[in-house]
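Single-structure report; data block below.
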Amino acid sequence: CTSTSCSSGCHGNTSCDLRNASNNCSGCEPISLEICMNLPYNSTRFPNYLGHHSQKETSMSWESSLFPALVQTNCYKYLMFFACTVLVPMCDPVTQQRVPPCRSLCRNSKERCESVLGIVGLQWPEDTDCAQFPEEGQANSSCLLPDPDVNECSPSHFKCRSGRCVLSSKRCDGHTDCDDDSDEETCGCVERGLWECPGDKTCIHHNMICDGFPDCSQQEDENNCSACSSHEMECTNHQCVHRSLWCDGSRHCSDSSDEWNCVSLSDEGFVTVHKAGMEYRVCADGWSSNLSSVACTQMGLGSPLSADAVLDVSSAAGRRHWLHVDPDWNPQNMFPLQGLLEKRGQSCTSSKKISLKCTRDKCGRRPAARMVKR
Amino acid sequence: ILGGRTSRPGRWPWQCSLQSEPSGHICGCVLIGNKWALTVAHCFEGRESADVWKVVLGINNLDHPSPYMQSRHVKSIIVHSRYNRAVVDYDISVLELESEVEVTSYVRPVCLPGRGQLPKADQYCHITGWGHVGLRMPFKLQEGEVRIISVSQCQSYFDMKTITSRMLCAGYEAGTIDSCMGDSGGPLVCEEDDGRWSLYGLTSWGSVCFSKVLGPGVYANVTHFTEWIERQIYLRTFNL
């Protein structure tokens, strides 16, 4: 190694990468190349038979794109198996050495598929000279042959009924890619790797489940996403926030949903505030026109038309849930209404609740066209 | 706008031009409140900082500033967190202007549709913008009348793209009147029974508009985003 002294141990077989504190001398490593994860073996050893020194290098190589494309032509049933034996050679767990493909497997692959490549002007990979691989049954050497029922399609491929492999992304995409059209049959969500909404049967991506945005018409994708305790409430993004912090005028959910829909007008026009999971009316004591503006603004409406204090005759004094205006409130502070109201434990002295009418902001009108006498 | 006509000044008082130096007009935008405008998210690809943008309102001819013109710097840009560049889904963003505009005959906000309020299929609505008219970019605002097209019909024109519920289609099979490059973020508005105009779409994407591949234009479906827009404005107004 140029940077340090020679690597110790492993009889000269280790690389110079000293980021690993203890050198792993075995040389076998688990297969991570996605297109070769259906193999009857799961460990490999580098360099491979194409001269790549790591699985990362292999994954970015021309050959790792070529073989999956070629396998779609159905040129040879065991092409993908052969490709993987050269891309990620089997590592023998006993000898820690690479196990090559048998020469016949290489020759069959080349004979059947090289011509297909030639049609589109491509060449068979140069490093796959079949003579380098041993004949099956040759003394002192072992080699790999496919099991007759080897899965020739990688996990990223769909196997047509005819045996051809097509990319999984081609499955149920509205276009027939298999010669027998089987990639467009039984196109349910599961077959497409998606999640099915129980109600409307819409297919959605798994990463859309519990992400705070309802995608199913009945919002089933956002159900059962959190386990908030009884003293907590669930944010739209499924965080749990203490009930007492809900609608207190400050953000506690990272998506601010604890401060949404805190103020509304009842059908009769009474200001209704949802705070800490309870519904309140607002006591007229200390109310001002500034507060009417705040309330109308935050409900997405325009200026207040009127704000009346209406005697609450519907309930016995003291039994209704009242909110009182914070006496220290400064109109300069731009707080939402729910942040300016507090529970004080006592009933509303005036027993009057606030009724409010807001104007709608003017919108959508075009100036009248100028008229000219002719 | 392809196949449209030059608009009279003041006819679309919510139309604004989203500009950035040195190019000037980049996208259209729509005034929805005294200090709020909408545009599409894709206008900010590569230029997400609010500092480099300004919004110009009350203008008809981009080359001749009018006395009715108002210009505002952009205070903040809120791009929808689900904006998907590949699918052009959730293609919407809210612009907070540095200060309120003065409402005049030439600068007025459009109405947002109520939750669930959608235009009817085959209804005629209007698109406006300073985008390509075919072989050139016009200086004067263009307008065109387009027909709302159902999602299923629209999907049949775009077999390689997905029309989601966040999209709305309008135009004609032959592409005779259509939005084009430079119209992005501009309005698709429909007149309500009471004479008010509501914003149902923001120009988003479509086929290459002066190629031979034609079809309708695809717009961000504003109705889908009404609640999201209101929340963004509320959260910003109260610094939540």
Side-chain angles (χ1 to χ4, degrees), chain A residues 169 173-175 192 194 200 202-205 207-208 211-217 236-237 247-264 293-303 333-340 360-370, chain B residues 7-15 30-34 36 68 80-82 84 87 90 103-114 126 155-156 159-160 162 164-166 187 189-192 194-199 224 226-240:
Chain A
S169 57
D173 66 349
H175 300 273
R192 295 157 61 190
L194 301 170
D200 61 8
T202 304
C203 302
I204 64 169
H205 285 280
N207 61 8
M208 290 175 160
D211 68 346
F213 292 95
D215 294 287
C216 301
S217 61
T236 299
N237 64 5
C247 288
D248 67 347
S250 302
R251 186 180 84 160
H252 298 285
C253 298
S254 58
D255 63 356
S256 305
S257 55
D258 57 319
E259 298 298 323
W260 293 346
N261 303 327
C262 298
V263 176
S264 57
S293 295
V294 171
C296 289
T297 302
Q298 83 174 76
M299 285 186 282
L301 301 167
S303 309
N333 298 337
M334 199 57 181
F335 276 113
L337 185 67
Q338 67 270 21
L340 308 172
R360 289 213 167 260
D361 276 333
K362 286 179 186 156
C363 64
R365 291 277 186 209
R366 299 198 309 197
R370 284 187 299 274
Chain B
S7 184
R8 183 166 52 77
R11 202 164 135 78
W12 309 104
W14 38 80
Q15 170 83 52
V30 194
L31 190 70
I32 57 163
N34 291 358
W36 302 96
Y68 312 110
H80 199 290
S81 60
R82 263 191 162 190
N84 182 321
V87 192
Y90 292 88
V103 175
T104 66
S105 292
Y106 294 84
V107 178
R108 292 183 183 186
V110 71
C111 299
L112 285 181
H126 281 77
Q155 185 65 76
S156 68
D159 56 352
M160 299 301 282
T162 304
T164 70
S165 59
R166 281 76 60 185
V189 286
C190 311
E191 190 172 15
E192 307 292 357
D194 64 357
R196 286 172 190 268
W197 290 79
S198 296
L199 178 71
H224 184 92
T226 301
E227 191 174 352
W228 179 82
I229 295 163
E230 288 171 351
R231 280 181 181 164
Q232 302 315 309
I233 293 175
Y234 162 61
L235 296 175
R236 281 272 161 188
T237 302
F238 292 99
N239 296 319
L240 284 164

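Lettering of chains follows the sequences in order, A, B, ..., and the numbering in each one begins at 1.
A search for salt bridge (charged side-chain N to carboxylate O under 4.0 Å, His left out) contacts involving R166(B) returns D89(B), not counting sequence neighbours. Take W36(B) and apply the ring pair (Phe, Tyr, Trp, His ring centres under 6.0 Å) test, not counting sequence neighbours, and it matches no residue.
Using a 4.5 Å cut-off between heavy atoms, P13(B) touches chain A through its side chain atoms alone. In this structure, chain A has heavy atoms under 4.5 Å from both the backbone and the side chain of S105(B). With a 4.5 Å cut-off on non-hydrogen atoms, L235(B) touches chain A through its side chain but not through its backbone. The part of S81(B) that comes within reach of chain A is its side chain, from C-beta onward, which places non-hydrogen atoms under 4.5 angstrom from that chain. Contact of D215(A) with chain B is made through the side chain alone, with heavy-atom distances under 4.5 Å.
A cation-pi arrangement is not found for R108(B) relative to W14(B), the charged atom failing to lie both closer than 6.0 Å to the ring centre and inside a 45° cone about the ring normal.
The candidate from E259(A), R365(A), M334(A) with the greatest count of non-hydrogen atom pairs under 4.5 Å with chain B is R365(A). Residue with the most contacts toward chain B among G339(A), S256(A), S250(A): S256(A) (heavy-atom pairs, distance under 4.5 Å). Of the listed residues (E230(B), E191(B), R82(B), E192(B)), the one with the most heavy-atom contacts under 4.5 Å to chain A is R82(B).
Applying the 6.0 Å contact sphere to OH of Y68(B) captures no more than 12 heavy atoms from other residues, nucleotides or ligands. Within 6.0 Å of atom CZ in R366(A), more than 12 heavy atoms from other residues, nucleotides or ligands are found, so the atom counts as buried in its surroundings.
Note that CD of Q232(B) is 11.5 Å distant from CG of L240(B), once rounded to the nearest 0.5 Å.
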